[in-house]
A.B. asks: 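Here you go, one structure.
Within every chain, numbering begins at 1; the chains are lettered A, B, ... in the order of the sequence lines, protein sequences first and strands thereafter.
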There are 2 protein chains.
Amino acid sequence: MTQTAKQRIERAALQLFADKGFRATTIRDICAKSGVSVALVHYHFKNKNGLYQALLDKEIGEAFAQHPIPAYLQPGMGPEERLRQIIRLLLNRLIGPEGLGRDRARVRLMARELTAPSPAFEPLFQRHIQPMILTMVEIIRDFVGDQEQAELMRIATSVAGQCLYPFLAYEVMQRSGLTVAHTVEQVERHAEHIYQFSLRGLYGLKESNA
Amino acid sequence: MTQTAKQRIERAALQLFADKGFRATTIRDICAKSGVSVALVHYHFKNKNGLYQALLDKEIGEAFAQHPIPAYLQPGMGPEERLRQIIRLLLNRLIGPEGLGRDRARVRLMARELTAPSPAFEPLFQRHIQPMILTMVEIIRDFVGDQEQAELMRIATSVAGQCLYPFLAYEVMQRSGLTVAHTVEQVERHAEHIYQFSLRGLYGLKESNA
DNA sequence: GCCATTCCTAAACAGTTGTTTAGTTCAAGA
DNA sequence: TCTTGAACTAAACAACTGTTTAGGAATGGC
């Protein structure tokens with residue numbers, strides 16, 4: 001047996017939670033898929049919530065931790081380079097092969113949590129998502145100067161939306177024949193596209209303000 | 001009694017399905033909230049799936065039908081005006097006060113379906129979502145000329161992402177202190193912002209291609 | 001050999017869930 | 001007045017669900 005029972009449980013649970021959601025997935029589903037008894041799940045993970053929490057930490061937490069913010073943003077960078085890097089960070093974390101993109105189930109699980117967060121997601125949100133958002137907003141504020149709250153929100157979502165949409169709308173896009181590639185080269189190229197696209201948009205704002 | 005029992009069921013079900021999801025919402029939850037008996041739900045809607053389907057059709061189908069594509073796109077419009085109009089369409093449908101934005105529960109329900117579609121969503125997808133995507137892709141193709149599939153996908157998601165993100169990431173944004181306004185004026189202003197932002201980005205692509 | 005620990009299972013338990021059945025109330029039409 | 005049909009309820013049903021209990025291999029240390 002190349003995989004331990006615990007690993008088989010985790011694998012099966014990840015796929016089922018991602019496909020059907022937490023509530024619709026039963027422990028017996030997971031057991032049938034991984035070939036273990038019902039009690040073993042409780043032995044290894046205490047209960048259904050514990051299994052889900054462990055999965056979030058492992059599949060999402062670890063993937064994000066491999067791409068920490070300081071690996072992209074270094075002191076002394078100008079606003080343009082910082083913008084480029086925060087976009088690369090988002091894309092590598094979300095659809096990059098070392099991020100969530102390696103596994104389609106990871107993407108679906110994360111998309112569920114972003115649109116309908118569960119209590120188990122809270123620690124991950126505070127640890128990884130919130131800092132990303134705040135950093136992005138700060139970079140954009142550097143770029144466009146002082147703005148009213150509503151305008152800042154519009155600009156921030158213009159940039160962040162480009163990064164997150166191919167990730168959130170995975171299912172819808174696939175049904176329309178549009179697919180996202182997850183190779184390193186494709187991700188870098190996508191990041192560069194979003195950077196260039198956003199840069200023009202941001203410069204346009206400066207012009208119309210002046 | 002100002003509302004019929006059937007209406008109270010629908011109202012309670014909408015809020016609960018939006019908050020907790022289809023599976024996590026029980027018929028008894030809905031009954032407790034609307035003050036009716038369990039059997040009455042089956043009397044009016046046949047079963048739980050029927051109730052959900054009826055709700056999707058009513059809350060999302062009707063809102064979308066109020067903003068049909070031909071009301072925005074007319075023959076003879078140039079590519080720039082068509083781009084502006086398709087953006088207005090998306091925003092009015094999704095966050096406008098006559099669209100889903102009128103009711104926070106509608107937004108949450110739709111966001112759930114976009115990231116994790118249920119079988120009940122399929123007819124709405126084919127009727128409303130697919131035509132929107134195809135129209136958007138067509139407009140962008142007019143704009144940027146022939147492109148390889150991957151590049152077209154990147155450009156389309158750059159525009160669509162800006163429109164959909166404030167909608168999909170409702171929860172996450174709210175937790176970070178960013179709120180989306182749903183008044184007509186705010187929505188129109190947001191649409192104009194996305195149009196200008198995208199226009200610059202698209203012109204940039206033309207330049208770098210030349 | 002014996003013991004302790006880890007990994008694992010079958011079976012039972014108690015509560016929940018969607019659905020159905022049988023029957024009640026009540027207003028409108030003949 | 002009688003009847004018909006729509007709106008509604010209480011109670012029961014059968015299946016499912018998360019969790020626990022009691023115990024069986026198997027392994028490694030002493």
Side-chain angles (χ1 to χ4, degrees), chain A residues 1-59 105 109 112-113 116-122, chain B residues 1-59 105 109 112-113 116-122:
Chain A
M1 193 153 346
T2 160
Q3 269 190 127
T4 68
K6 192 177 178 185
Q7 288 172 324
R8 292 205 313 279
I9 293 172
E10 287 173 336
R11 184 78 209 136
L14 172 65
Q15 288 180 356
L16 288 168
F17 282 143
D19 272 0
K20 323 204 301 180
F22 177 76
R23 194 62 181 252
T25 300
T26 71
I27 293 183
R28 282 168 180 83
D29 285 344
I30 297 168
C31 293
K33 196 168 178 128
S34 56
V36 302
S37 71
V38 180
L40 190 63
V41 173
H42 292 86
Y43 173 76
H44 280 302
F45 300 97
K46 188 175 178 188
N47 55 30
K48 193 182 172 186
N49 273 295
L51 171 57
Y52 188 71
Q53 182 95 54
L55 234 48
L56 280 190
D57 290 348
K58 188 181 176 189
E59 299 295 328
L109 196 67
R112 281 182 187 277
E113 286 293 343
S118 74
F121 189 66
E122 183 65 24
Chain B
M1 190 147 0
T2 159
Q3 269 190 128
T4 68
K6 191 177 179 185
Q7 288 171 325
R8 291 205 313 279
I9 293 172
E10 286 173 335
R11 183 78 208 134
L14 171 64
Q15 288 180 356
L16 287 168
F17 283 143
D19 271 1
K20 323 203 305 179
F22 177 77
R23 195 63 180 255
T25 299
T26 71
I27 293 182
R28 282 167 181 84
D29 284 345
I30 296 167
C31 293
K33 195 166 179 131
S34 57
V36 302
S37 70
V38 179
L40 191 63
V41 174
H42 292 87
Y43 173 76
H44 280 302
F45 301 96
K46 187 175 179 189
N47 55 28
K48 194 182 170 186
N49 273 296
L51 171 57
Y52 189 72
Q53 183 95 53
L55 232 49
L56 280 189
D57 289 348
K58 187 181 177 191
E59 299 294 329
L109 197 67
R112 281 183 187 276
E113 286 293 344
S118 74
F121 188 66
E122 183 64 24

A.B. asks: Could you go step by step and tell me if B/Ile27 and B/His42 meet the side-chain contact (heavy atoms from CB on, under 4.5 Å) rule?
C.D. replies: CA-CA 9 Å; B/Ile27 293 182; B/His42 292 87; 3.5 Å; yes
A.B. asks: Does A/Tyr43 have A/Lys6 sitting over its ring (NZ/CZ under 6.0 Å from centre, angle to axis within 45°)?
C.D. replies: no
A.B. asks: Start at the 5' end of DNA chain C and walk down; is the nucleotide closest to B/Asn47 or to A/Tyr43 reached first?
C.D. replies: A/Tyr43
A.B. asks: Just call it for B/Val38: base, sugar-phosphate, or nothing, with non-hydrogen atoms closer than 4.0 Å on any strand.
C.D. replies: base
A.B. asks: From the options C/dC8, D/dT19, D/dA12, select the nucleotide whose nearest atom is closest to the side chain of A/Lys48.
C.D. replies: D/dT19
A.B. asks: Backbone N or O of B/Leu16 within a donor-acceptor pair of the B/Thr25 side chain at under 3.5 Å?
C.D. replies: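 Indeed, once roles are kept as given, a pair shorter than 3.5 Å links the two residues.
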A.B. asks: Can you check the A/Arg28 CZ to C/dT17 C1' distance for me, whole Å?
C.D. replies: 14 Å
A.B. asks: What is the separation between atom CD on A/Gln53 and atom C1' on D/dG18, rounded to the nearest whole Å?
C.D. replies: 18 Å
A.B. asks: Between atom NE2 in B/His42 and atom P in D/dA12, what is the gap in whole Å?
C.D. replies: 18 Å
A.B. asks: Answer yes or no: does a side-chain N or O of A/His44 lie under 4.0 Å from OP1 or OP2 of C/dT6?
C.D. replies: no
A.B. asks: Given that A/Arg23 and A/Leu40 both sit by DNA chain C, which one's nearest nucleotide is further toward the 5' end?
C.D. replies: A/Leu40
A.B. asks: Of B/Ser37 and A/Ile27, whose closest DNA chain D nucleotide lies nearer the 5' terminus?
C.D. replies: B/Ser37
A.B. asks: May I ask you to decide if B/Asp19's main-chain N or O and B/Arg112's side chain share a donor-acceptor pair within less than 3.5 Å?
C.D. replies: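 Judged by distance alone, yes, a pair lies under 3.5 Å.
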A.B. asks: Just the rounded figure in Å: distance from P of D/dT17 to CG of A/Asp29.
C.D. replies: 7 Å
A.B. asks: Find the distance B/Lys46:NZ to C/dG18:C1' and express it as a whole number of Å.
C.D. replies: 14 Å
A.B. asks: From CZ of B/Arg8 over to C1' of D/dC8, roughly how many Å is that when rounded to an integer?
C.D. replies: 11 Å
A.B. asks: Would you mind reading off the distance between A/Lys20 atom NZ and D/dC16 atom P, rounded to a whole angstrom?
C.D. replies: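 Going from NZ in A/Lys20 over to P in D/dC16 covers 12 Å.
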A.B. asks: In whole angstroms, how far is the P atom of C/dC7 from the CD atom of A/Gln7?
C.D. replies: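 Computing the A/Gln7:CD to C/dC7:P distance gives 12 Å.
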A.B. asks: Once rounded to the nearest 0.5 Å, what's the spacing between atom CD of A/Glu59 and atom CD of A/Glu10?
C.D. replies: 7.5 Å
